[in-house]
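Below, chain A is the first sequence line, B the second, and so on; all start at residue 1. Just so it is clear, the model here is predicted, and its values are computed rather than measured.
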Amino acid sequence: MSADTPNSSDPTVETDQPADSRHTGSGLAAEKSRRLAQLDEIRAAGGTPYPYRFDRTHTIEQIRDAWGSLEAGTETDEAVTIAGRVMLLRDSGKLVFATIRDRSGEVQLFVSKAVIGDDAFAAIKRLDLGDWVGVHGTVMTTRKGELSIKTDRVELLAKAVRPLPDKWHGLSDVDTRFRQRYADLIVNAEAQRAFEIRHEIIASFRRTLHERGFIEVETPVLHAEAGGAHARPFTTHHNALDMQLYLRIALELHLKRLIVGGMERVYEIGRIFRNEGISTRHNPEFTMMELYQAFGDWNDVMDISEVLVTQAARDAIGTTMLEIRGETFDLAEPWPRIRMVDAVSEKAGRTVHPSQPIDELRTLADQHSVRWEERWGGGKLVEELFETLCEADIVRPTFVTGHPKEISPLARADRDDPWLTERFEIFVDSRELGNGYSELNDPVEQRLRFEEEQAAKDAGDHEAGTVDEDYIRALEYGMPPTGGLGIGMDRVAMLLAGVDSIKEVILFPTLRHEVL
RNA sequence: GCCUCUCUAGCUCAAUGGUAGAGCAGUGGACUUUUAAUCCAUUGGUUCAGGGUUCGAGCCCCUGGGGAGGCACCA
C-alpha cells in the first residue's frame, strides 16, 4: 500500500522491542527484535526487504526433472532462477549450503564466498530460516552428488521476523497446528500431503462430473427455511430485510428446483453448516458434494458413487487399494449392498421391519439397550437399532439401503415395499460417507411428508423439517424421475488420506477463540 | 453438556514436594563439498491463570481457561 519508509520498524506486535535492544536477551521477543532490526539495516543500505515481485525460470521440480540425473561433481553453464523459502542453513566458513523449498520440492544452494564476493556472502549469512528468497545461479552437483544451485546472487523476497518451529521435530502441538495452520504447513510434510489429497479429490470429482455432463451450480447459503436434512441450523439475520435467515444444512432442495427447471444434471460442491457437536468426524462447517441426475434412480447414483470415489483415489493417492483397520480393500471392486432391515435382522437374530407392531420393536430396542422415545415410529426404531447393532462392524465401503420411509421425507418409496424408501447410505470404517436416493417427485406426497416433519418439529424434534411451500410449488411444475446423491468431501478426504480426525483435512477447523 | 488426559524457553521434550534443565532455533567464534553439517562458548522461563496445603509447589488440592480423546448429540 504505502511506499517503504526508511527506518520504519513498525512494531505493532505485542512482543516487539526497540531495535536498540537487538543484541540483548533471547527468546521470541529478542529474536523478533533482531530480525526487525535487520529490516532497518537493509532499508538503510537502500535495499528492500519486501520487494513487489520476482521472476523465476524454473520451479524446483522442473530443476530436478531436467538435471536430476547429473553425475556427482558436475558443473554446468545452465543459468536458472528459483524462488522459495529458506528451510535449512549449513555454514562451513567460506561455503554456505542452504535448503530452499517451493511448492514443488526442495533444492540446495551452494554458495561460495570466492564466487559471489564478500558483501553478498555476508548478506547470505544474515538470512534466517523462514526467509523467502529469489536465487540466481547455475545448476551443479556436489562431490556427493547433491543437485545444487551454484549461487551467483540471492534476493530477499520477504523477511520472516518470527522463527520457524523446530527444523527436525516440526510442530506437534495439535492446538498450535490447527490454530497456526500456516506454521503446520511450513514444517509438517504430512499436513501438506493431507491437503494435497483433499484438493486433488475435489478436482477429481469435478472432472468426473464434467465428463458425465453435470453442470456445476451455486445455490444460496442463506436460507429462509433450513431444509434438506435432519440437523440444527445456525441462525443469522439480514439487517436491511429485517429477516431471520439460516445457514444451509444441505444443498438438496435448491438443486432439485434446478432439475424442475430442466437442467437435467447438476451438482454443487459447497459448504454446509450444522449447529451440532464437534468430534473427530464432525466440524460445524463442512463440504458436501450433491448431484442430481434426471431420468435416473438410486441405482444410477450408487454407480456414480463408486466411480467418483474410486477415481478420486486413483487421482489423489495413485491406488484404489486401501487399508482400513488392518484389512486391505480394493475400492474398484463393487461395493457390497445390504438392506438396513436385513442387516438389523441378522444382528437381532430375527426378522425386523418397520411394519411390525411398535411394541415388538420397542421391546427389541430395550433388549439391545437402545434408548427410544414415545414419538418414534417403527422406522425410527429400526434406524436406531441399525446404528447400535450394525454400524460399528462396517469396515469396507458398503451401501446400506432401504431406509424406512419415516426417516426419509425426501426419498421415494421403495417400488417393492411401501414401508421403505429407495435410499442408501455409504458407510466406510463405521463412518457415513454419503447418502442418496430415488428422489420423491410427487408434490402431493411430498406435502404429506413435510407435514409429518412439521408435526414432529411441533412435538419437540429440533432437527425435524418444515413445510417448504416454494419447494412444493416447484414440484407442482413437474420434476422428472431423478436420482440424487450427497457425499461428504471431508470424510472422503479422511478416508483417502488415512487420517482419523476431520480436523486433519480442514485447513482451519472451528476452534474456540484463542486468548492472546 | 458429562468423563478422562494434557498445558514447562520460539519449537521438541526432561525435571522423588527441595537451586527449573537438554536438543533445536538464536548470539559469538572455527571450518571451501555440507546433508538435522560438525566443534567451542553462550543468551533465553509469569512452568496456562488465580487461589489453597506446606518450612518449601512445575509436581499435591480447588476454581477457571485452551486443547485432545471418549460419551452424549449427530440423516
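Residue A/Asp173 is in sugar-phosphate contact alone, with no base atom involved, counting any heavy-atom pair closer than 4.0 Å across all strands shown. A/Leu88 comes within 4.0 angstrom of the backbone, heavy atoms only, and of no base. Contact annotation for A/Thr142: base contact, defined as any heavy-atom pair under 4.0 Å involving a base atom. A/Arg512 comes within 4.0 angstrom of sugar-phosphate atoms only, judged by non-hydrogen atoms across all strands, and of no base. Within 4.0 Å (heavy atoms only), A/Leu89 reaches sugar-phosphate atoms of the nucleic acid but no base atom. Residue A/Ala183 is out of contact with every strand shown, counting any heavy-atom pair closer than 4.0 Å. When heavy atoms are screened at a 4.0 angstrom cut-off, A/Gly170 is found touching the sugar-phosphate backbone but no base atom.
Only the C1' atoms considered, B/U46 is 13 Å distant from B/G58, to the nearest whole Å. Spacing between B/A14 and B/C31 at atom P, rounded to whole Å, works out to 38 Å. Across B/G45 and B/G10, the matching P atoms stand 9 Å from one another, rounded to whole Å. Only the C1' atoms considered, B/C11 is 37 Å distant from B/C73, to the nearest whole Å. Taking atom P in both B/G18 and B/U27, one finds a spacing of 36 Å when rounded to whole Å. The separation of B/G65 from B/G28, taken at their P atoms, amounts to 45 Å, rounded to a whole angstrom. The separation of B/U8 from B/G44, taken at their C1' atoms, amounts to 14 Å, rounded to a whole angstrom. Taking atom C1' on both nucleotides, B/C60 is separated from B/G17 by 8 Å, rounded to a whole Å.
For A/Arg34, no side-chain nitrogen or oxygen approaches OP1 or OP2 of B/G26 to under 4.0 Å.
Of the nucleotides present, B/G10 is the one that pairs with B/C24 by Watson-Crick or G-U wobble criteria, both distances under 3.5 Å. With a cut-off of 3.5 Å on both pairing distances, the Watson-Crick or G-U wobble partner of B/A49 is B/U63. Using the Watson-Crick or G-U wobble rule with both distances under 3.5 Å, B/U4 pairs with B/A68.
Under a 4.0 Å N-O distance rule, the pair A/Lys159/A/Asp128 qualifies as a salt bridge. Salt-bridge annotation for A/Arg339 and A/Asp414: absent, with no side-chain N of the basic residue lying under 4.0 Å from a carboxylate O of the acidic one. Salt bridge status for A/Glu453 with A/Lys457: absent, with no side-chain N to carboxylate O gap under 4.0 Å. Ion pairing of A/Glu504 with A/Arg177 is present here, as a side-chain N (NZ or NE/NH1/NH2) and a carboxylate O approach within less than 4.0 Å. A salt bridge links A/Glu285 to A/Arg271: one of the charged nitrogens lies within less than 4.0 Å of a carboxylate oxygen.
Contacts of A/Lys347 classified as salt bridge (Lys or Arg N to Asp or Glu O under 4.0 Å), with partners at least two apart in sequence or in another chain: A/Asp393.
Among the nucleotides B/G67, B/A68, B/A25, the one closest to any side-chain atom of A/Pro163 is B/A25. Comparing B/U33, B/G10, B/U12 by their nearest atom to the side chain of A/Arg143 picks out B/U33. Between B/U32, B/G69, B/A37, one nucleotide has an atom nearer to the side chain of A/Ser501 than all others, and that is B/G69. Checking B/U33, B/A37, B/C31 against every side-chain atom of A/Leu95, the shortest atom distance belongs to B/U33.
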Open item on the list: What verdict does the ring-ring contact (aromatic ring centres under 6.0 Å, His included) test give for A/Phe97 and A/Phe110, after you've listed the backbone C-alpha separation in whole Å, the side-chain angles of each residue and the deciding distance to 0.1 Å?
Closed with: CA-CA 5 Å; A/Phe97 299 90; A/Phe110 177 98; 5.6 Å; yes

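In the model, A/Asp417 has a side-chain atom that pairs as donor or acceptor with a side-chain atom of A/His353 under 3.5 Å. A donor-acceptor pair shorter than 3.5 Å cannot be found between the side chains of A/Ser104 and A/Glu61. Side-chain contact, A/Asp458 with A/Gln454: a donor N or O sits under 3.5 Å from an acceptor N or O.
Along RNA chain B, the nucleotide closest to A/Trp168 and the one closest to A/Lys94 are compared, and the more 5′ of them pairs with A/Lys94. Toward the 5′ end of RNA chain B lies the nearest nucleotide of A/Leu171, the other residue of the pair A/Thr99 and A/Leu171 mapping further downstream.
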Atom pairs, N/O to N/O, protein against nucleotides 21-23 of chain B, distance under 3.5 Å?
from, atom 1, to, atom 2, distance (Å)
B/G23, N2, A/Asp166, OD2, 2.7

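In this pair, A/His223 and A/His254 present their aromatic rings tilted. The plane angle is within the 30 to 60° band.
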- [ ] Determine, for nucleotides 70-75 of chain B in 5'-to-3' order, which nucleotides have protein heavy atoms under 4.0 Å from the base (write B), from only the sugar-phosphate (write S), or from neither (write -).
- [x] S-SBBB

